[in-house]
Amino acid sequence: MSTVTRFAPSPTGYLHIGGLRTALFSWLWARHNDGKFLLRIEDTDRARNSEEALEAIIKAFDWVGMNYDGDVVYQSKRFDLYKQYIDQLLEEGKAYKCYMSKEELDALREAQMARGERPRYDGRYRDFDGTPPEGIDPVIRIKAPKEGMITFVDGVKGEINIAADEVDDFIIARSDGTPTYNFVVAIDDALMGLTDVIRGDDHLYNTPKQIVVYNALGFKLPKFYHVAMINNEQGKKLSKRDGATDVMEYKAMGYLPEALLNFLVRLGWSHGDQEIFSVEEMISLFDPKDINKSASSYSPDKLLWLNAHYIKNTPNAKLAEMLKDFGVDIVEHDRLEMLLDATKERGKTLVELSQQINLILNAPSEYDAKAVKKAFKGDAKEILVDFIAMLQTWEKPLHLPSDYHAVLEALVAEKEIGFGKIGMPLRVALVGALTGPGVDEMMAIIGVDETIERIERAVASIS
RNA sequence: GACCCUUUCAUCUAGUGGCCAAGGAUGCUACGUUUUCAUCGUAGUCACAGAGGUUCAAAUCCUCUAGGGGUCGCCA
């Protein structure tokens with residue numbers, strides 16, 4: 001039987017980073033087994049902006065290169081189907097109508113809490129055959145086993161045992177007739193042919209409830225894998241306060257999708273000591289048995305490191321294309337290769353990379369004060385003037401960094417000075433700061449005319 | 001409060017009774033390379049939550065304690 005996994009978000013408007021990880025695990029496992037990865041929208045409560053939410057999810061999937069099989073399933077469009085199963089259970093006596101009011105329910109819960117018990121429905125209408133109270137639309141409850149254990153083997157956590165009396169006769173249909181989450185999830189997972197359900201471990205307690213449904217309907221159980229949560233650096237639940245939780249924010253911050261995937265796949269999963277995984281490797285190596293039991297903390301340092309790694313290893317043409325989104329269009333630049341080779345090791349994100357590029361491409365509008373103090377002193381002005389003269393009278397072609405290097409060498413030889421004497425002021429003249437790529441490279445990128453212009457401007461600024 | 005899950009360096013993790021005086025990666029600190037910065041290289045830093053057992057031998061098995069997380073809805 002081929003593997004079928006799914007991602008089943010409720011429509012919240014954007015794809016959460018933790019959601020992406022469980023989706024990734026499911027997707028990898030499906031692809032690993034040449035199976036199917038399905039998408040379902042859990043919108044039973046109301047058809048709240050489901051289309052919009054789906055769009056956001058697909059957008060994020062597209063960005064990271066994930067895809068799903070078949071049609072998207074909307075639970076809100078399957079109410080008739082669920083209704084049939086509710087009727088079936090009612091007929092078979094496996095479910096029943098409960099006429100308890102919300103007020104009564106609240107009172108019951110309160111009393112149980114006061115006694116130090118876990119709040120649950122007491123089953124008072126389970127075997128009710130009297131006259132139902134007037135004026136109350138009943139809910140439908142399923143008959144959960146009253147004794148024994150509900151046991152299942154979780155692929156991540158191992159055997160899970162929950163006493164049956166911890167699971168009450170929960171509601172499968174509201175008083176308005178609409179079905180509830182745990183009921184429809186079990187039905188859909190079964191009907192959609194799920195073999196492996198990989199989800200967050202906040203669903204761990206839902207699993208016994210869903211098993212009750214599976215059993216009542218005679219469905220075969222899939223394998224369950226409950227993946228521990230991603231916490232923030234303080235070990236608390238990840239929230240918007242902790243920075244980006246929306247996957248698409250990572251795109252805006254200049255992260256590469258392969259870096260984000262690589263980061264997420266290593267959060268709660270490992271393959272020996274390996275850190276770098278291409279998507280192909282993830283697919284071939286992923287196995288849910290290697291998923292970690294414990295929660296992990298989100299720490300951005302490693303993501304940054306991975307991003308730097310992937311930027312360094314991305315072809316320049318592709319980088320140039322991506323940089324368009326960051327206000328840098330160098331696709332047509334005739335020194336594209338040189339420019340990116342010089343800068344890609346200096347930017348950990350596309351945002352930083354674009355800044356690096358702008359620094360070279362645009363003449364400095366101001367000079368860093370500290371740099372000026374350090375570089376524009378002594379005979380710096382004179383040396384720069386001499387350098388201009390040399391560039392202007394240089395007879396060999398000036399194209400490659402090595403060509404410019406030859407000029408510099410000639411200068412330091414003639415003047416009997418160290419490289420730093422010309423290097424520092426030249427660097428400040430070119431980009432206004434004391435950091436950045438080699439001056440040879442920068443001059444080759446901007447060309448001799450622009451180089452001379454920038455130096456002249458610097459010379460003029462030195463009093 | 002009840003129930004469930006969980007606990008190896010600051011962080012992500014390797015580890016399934018002897019190969020572990022615990023390995024890798026990130027971070028951090030040095031040093032080297034570089035005319036600068038970055039990259040890169042080398043080295044250093046740092047952990048088995050605690051207490052009892054079982055065993056010739058425990059990070060690994062058992063018990064308890066403590067910490068963290070989750071769940072207790074006519075939400076999903």
Side-chain angles (χ1 to χ4, degrees), chain A residues 8-12 42-46 75 98 100-102 105-106 109 112-120 137-141 154 156-158 160-163 165-168 170-182 184-185 200-208 226 228-229 231 233-237 263 266-276 292-306 308 312 342-348 352 356 371 374-375 405 408 412 418-424 426-428 431 433-440:
Chain A
S10 53
T12 53
E42 319 247 283
D43 53 357
T44 52
D45 60 337
R46 60 213 108 143
Q75 293 185 322
C98 169
M100 212 170 161
S101 70
K102 287 181 187 176
L105 218 38
D106 287 342
R109 268 188 212 115
Q112 287 168 327
M113 287 287 263
R115 269 179 272 136
E117 289 170 17
R118 184 186 169 83
R120 74 266 252 187
D137 292 324
V139 298
I140 314 289
R141 291 183 179 271
D154 185 273
V156 175
K157 312 253 187 200
I160 307 287
N161 295 295
I162 291 175
D165 64 7
E166 289 292 327
V167 179
D168 63 6
F170 60 94
I171 293 172
I172 58 173
R174 304 180 182 97
S175 47
D176 66 1
T178 56
T180 59
Y181 173 78
N182 281 116
V184 299
V185 166
D201 76 355
D202 49 342
H203 286 287
L204 195 60
Y205 186 74
N206 286 327
T207 305
H226 289 96
M229 304 277 92
N231 294 327
E233 289 175 273
Q234 288 74 42
K236 304 287 180 195
K237 193 172 176 178
F263 174 72
R266 283 287 289 104
L267 222 50
W269 176 82
S270 61
H271 181 74
D273 285 340
Q274 188 169 342
E275 296 288 350
I276 305 289
N292 245 256
K293 288 166 181 263
S294 55
S296 40
S297 290
Y298 172 93
S299 144
D301 283 337
K302 202 161 191 171
L303 174 57
L304 217 46
W305 170 73
L306 281 165
K312 276 179 279 183
T343 50
K344 69 204 268 187
E345 296 197 337
R346 263 164 271 260
K348 288 185 193 297
E352 287 181 19
Q356 292 285 334
K374 233 178 144 184
H405 191 72
L408 280 171
V412 297
F419 261 106
K421 274 279 192 193
I422 173 65
M424 280 208 291
L426 178 55
R427 173 173 296 286
V428 177
V431 295
L434 277 172
T435 60
V439 286
D440 306 339

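Per chain, numbering begins at 1; letters A, B, ... match sequence-line order. Please read all numbers here as calculations on a predicted model, not as lab measurements.
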For [X], which contact category applies under a 4.0 Å heavy-atom criterion: base, sugar-phosphate, or nothing?
X	value
G116(A)	sugar-phosphate
S175(A)	base
N161(A)	sugar-phosphate
K102(A)	base
L306(A)	nothing
V185(A)	nothing
Y205(A)	sugar-phosphate
D176(A)	nothing

Complementary nucleotide of [N], counting Watson-Crick and G-U pairs under 3.5 Å:
N	value
A22(B)	none
U42(B)	A30(B)
A76(B)	none
U63(B)	A51(B)
A2(B)	U71(B)

Please tabulate the protein-to-nucleotide N/O contacts below 3.5 Å involving nucleotides 58-69 of chain B, giving atom names and distances.
{"from": "G69(B)", "atom 1": "OP1", "to": "K236(A)", "atom 2": "NZ", "distance (Å)": "2.5"}

Considering only atom [atom1], compute the distance from [N] to [M] and round it to an integer number of Å.
N	M	atom1	answer
U7(B)	C12(B)	C1'	15 Å
C72(B)	A76(B)	P	12 Å
C31(B)	G69(B)	C1'	43 Å
G18(B)	C61(B)	P	12 Å
U8(B)	G68(B)	P	14 Å
A51(B)	A43(B)	C1'	38 Å
A14(B)	A25(B)	C1'	11 Å
C3(B)	C9(B)	C1'	33 Å

Rounded to whole Å, please give me the gap between [atom1] in [X] and [atom2] in [N].
X	N	atom1	atom2	answer
Q112(A)	C3(B)	CD	P	14 Å
E275(A)	G23(B)	CD	C1'	12 Å
K157(A)	G70(B)	NZ	P	12 Å
H271(A)	G24(B)	NE2	P	18 Å
W305(A)	A10(B)	CH2	P	20 Å
K374(A)	U36(B)	NZ	P	10 Å
R266(A)	C12(B)	CZ	P	11 Å
H226(A)	C3(B)	NE2	P	20 Å

(request) Mind checking ring pair (Phe, Tyr, Trp, His ring centres under 6.0 Å) for H405(A) and listing every partner two or more places apart, or none if nothing turns up? (result) F419(A)

(request) Please name the pair of heavy atoms, one in A375(A) and one in V428(A), separated by the smallest distance, quoted to 0.1 Å. (result) CB-CG2, 3.6 Å

(message) I need the minimum non-hydrogen distance between R427(A) and A433(A), along with the two atoms involved.
(response) CG-O, 3.0 Å

(request) For A38(B), take OP1 and OP2 only and decide whether either is under 4.0 Å from a side-chain N or O of K344(A). (result) no

Might you list the N or O atoms of the protein lying below 3.5 Å from N or O atoms in nucleotides 44-47 of chain B, with each pair's distance?
none

(message) So Y298(A) and F263(A), do their side chains get closer than 4.5 Å, heavy atoms only?
(response) yes

(request) Would you kindly compare D301(A) and Y298(A) by the position of their nearest RNA chain B nucleotide and give the one closer to the 5′ end? (result) Y298(A)

(request) For the pair E275(A) and R266(A), find out whether any cationic side-chain nitrogen is under 4.0 Å from an anionic carboxylate oxygen. (result) yes

